[in-house]
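Numbers for residues simply follow the sequence, beginning at 1.
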Amino acid sequence: MKYYIIAGEASGDLHASNLIRELKRLDPDSIFRAWGGNRMQEQGAELVMHYRHMAFMGFVEVIKNLRTILRFLKQCKSDIIRFKPDVVILVDYPGFNFRIAEFAHGLGIKVFYYISPQVWAWKRSRVLQVKKWVDRMFVILPFEKEFYKRSNVEVDFVGHPLLDAIENYNTTKVPSSLKSEDKRPVVALLAGSRKQEVNKMLPAMLAVVPNFPGYRFIIAGTSSVPASLYKNIIGSHNAEIITDQTYQLLSTANAAIVTSGTATLETALFHVPQVVCYKGNWISVQIARQLVKIEYISLVNLVMNQAVVSELIQNEMNPENLSRELGLLLNNSEAREKMISNYKLMEIKLGGAGASARTAKLMWNILNHIE
């Protein structure tokens, strides 16, 4: 069977790669063509476009790069026509993937959506588009099934694939970059996987470093962001960087400052106390505040439906607030233990390991008309 998979960012690349691995177990003769990243390629997918070229975020950034996005859409549609897949599997990345869903549906190609876009937070009208263009939606957050049910859309809750990724991670291998004579406890800085995020987030994160001389600050870098950008921002700050080794870093970290997104869940699943923050383009954030219908921005708080971790947004993300919240996590054992206890409850809510295998099995059954 021929599969066409589209993931537009690092987390989508990770989850899609695990899905490919499980689909190949069920379908050894499968052929995969993809828009994604290195992990999908390592699982045998033929890569058309790397997500590093597609990582546009925020209203302003999307408008500025609209011509490029439209060119990519045209290229993707032409490639789908040439490849003639049995199914198109879309992984989050809604601005691009909803257009492809409509296109593929119009061609009579089966469309699966794995990892729902956050339509429950904003653009709830997109539920109607899911109804029209998507043959089956596979959701990874427990409250999403009930959300779709209210609109008479049946979806499958498969559990969160991060539990698989972390279960498969081997914590016994500590990279040489983390081995040091410096025995101070580690604070991890997770500034995001896109250039725009790193530019906005990392300077504010680094501003707290002088306030904690007893700690070793390490940045979780990613190869999708130029090394020169990190170096320019770090400047004379007493901070280190490791690249593409986030799980290794989290497995040794004492606390973390984390950009809102999938990384907040990853940090929680490693039981690392964290401060969640976000700072974006002013115009984009003002528009988002008018549209967003949720109380929290971090996935940890959304899953638990309570303020488990502190959230510092826009002007609240300043050195004084970051230092206060980080100091609380480093010095208050009761606050640390309470957060870790909530993390463990969150893991139960997320459905346990096996999401990738469950999703692959459901997809395989649908494609082969097996009840």
Between atom [atom1] of [X] and atom [atom2] of [Y], what is the distance when rounded to the nearest 0.5 Å?
X: I100; Y: W133; atom1: CD1; atom2: CH2; result: 11.5 Å
X: N365; Y: M363; atom1: CG; atom2: CE; result: 12.0 Å
X: L326; Y: S310; atom1: CG; atom2: OG; result: 10.5 Å
X: M1; Y: K110; atom1: CE; atom2: NZ; result: 10.0 Å
X: I219; Y: L202; atom1: CD1; atom2: CG; result: 4.5 Å
X: K200; Y: M317; atom1: NZ; atom2: CE; result: 11.0 Å

Per the ring pair (Phe, Tyr, Trp, His ring centres under 6.0 Å) rule, what does the pair list look like for residues 193-222, sequence neighbours excluded?
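Listed once each, the pairs would be none.
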So does A263 get a backbone contact from the side chain of T267, meaning a donor-acceptor N/O pair under 3.5 Å?
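Checking the backbone N and O of A263 against the side chain of T267, a donor-acceptor pair under 3.5 Å is found.
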Is it true that the side chains of H271 and E347 contain a donor and an acceptor less than 3.5 Å apart?
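Checked: H271/E347 side chains pair up, N/O donor to acceptor below 3.5 Å.
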Donor-acceptor side-chain pairing of T259 and E197 below 3.5 angstrom:
no
Salt bridge (Lys or Arg N to Asp or Glu O under 4.0 Å) pairs, two or more places apart, involving residues 182-193:
D182-R184
Taking salt bridge (Lys or Arg N to Asp or Glu O under 4.0 Å) as the cut-off, I'd like each qualifying pair that reaches into residues 23-49, sequence neighbours left out, listed once.
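Counting only pairs at least two positions apart or across chains, the salt bridge (Lys or Arg N to Asp or Glu O under 4.0 Å) contacts touching residues 23-49 are E22-R25, R33-E46, R33-D79.
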Return the minimal non-hydrogen interatomic distance between [X] and [Y], and the atom names on each side.
X: L350; Y: F157; answer: O-CZ, 3.7 Å
X: A355; Y: G159; answer: CB-O, 3.3 Å
X: G37; Y: L47; answer: N-CD1, 3.8 Å
X: A165; Y: L14; answer: CB-CD2, 4.0 Å
X: A7; Y: M40; answer: CB-SD, 4.1 Å
X: L19; Y: A360; answer: CD1-N, 3.8 Å

As a test of understanding, state which of V88, I366, L90 forms a side chain to side chain contact (heavy atoms under 4.5 Å, CB included) with F112.
I366
Whether over 12 other heavy atoms sit under 6.0 Å from K2 NZ:
yes
For Q75, does the CD atom sit with more than 12 other heavy atoms under 6.0 Å from it, leaving out its own atoms?
yes
For [X], side chain to side chain donor-acceptor pair (under 3.5 Å) partners two or more places apart:
X: D164; answer: S356
X: S223; answer: D244
X: E311; answer: S298, N301
X: Y343; answer: Q274

In chain order, what residues pass the ring-ring contact (aromatic ring centres under 6.0 Å, His included) check against [X], with sequence neighbours excluded?
X: Y114; result: none
X: Y247; result: Y169, F270
X: F96; result: W35, Y93

Holding to side-chain contact (heavy atoms from CB on, under 4.5 Å), I want the full list of residues that pass it with R324, two or more places apart in sequence or in another chain.
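For R324 the side-chain contact (heavy atoms from CB on, under 4.5 Å) partners, ignoring immediate neighbours, are N321.
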Should N38 and H50 be marked as a side chain to side chain donor-acceptor pair (under 3.5 Å) after you check the CA-CA gap, both sets of side-chain angles, and the distance that decides it?
CA-CA 8 Å; N38 298 348; H50 199 286; 3.1 Å; yes
Run the salt-bridge test on E154 and K149 with the 4.0 Å N-O cut-off and return the result as yes or no.
no
Report, one line per pair, each donor and acceptor closer than 3.5 Å where one atom sits in a side chain of residues 134-143; sequence neighbours left out.
residue	atom	partner	partner atom	Å
D135	OD2	V111	N	2.7
R136	NE	D156	OD2	2.6
R136	NH2	D156	OD1	3.4
R136	NH2	D156	OD2	3.3

Could you check T243 against T222 for side-chain contact (heavy atoms from CB on, under 4.5 Å), going step by step and ending with a plain yes or no?
CA-CA 5 Å; T243 303; T222 170; 5.6 Å; no
Are V300 and L328 connected in the hydrophobic side-chain network, where two residues link if heavy atoms are under 4.5 Å apart?
no
Cluster link L330 to L189, ILVMFWY, side chain under 4.5 Å:
yes
Can the ring centroids of Y3 and F83 be said to lie less than 6.0 angstrom from one another?
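Aromatic pair excluded; centres sit 6.0 Å or further apart.
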Kindly indicate, with the supporting measurements, whether the criterion side chain to side chain donor-acceptor pair (under 3.5 Å) is fulfilled by Y148 and S116.
CA-CA 10 Å; Y148 278 103; S116 170; 2.7 Å; yes
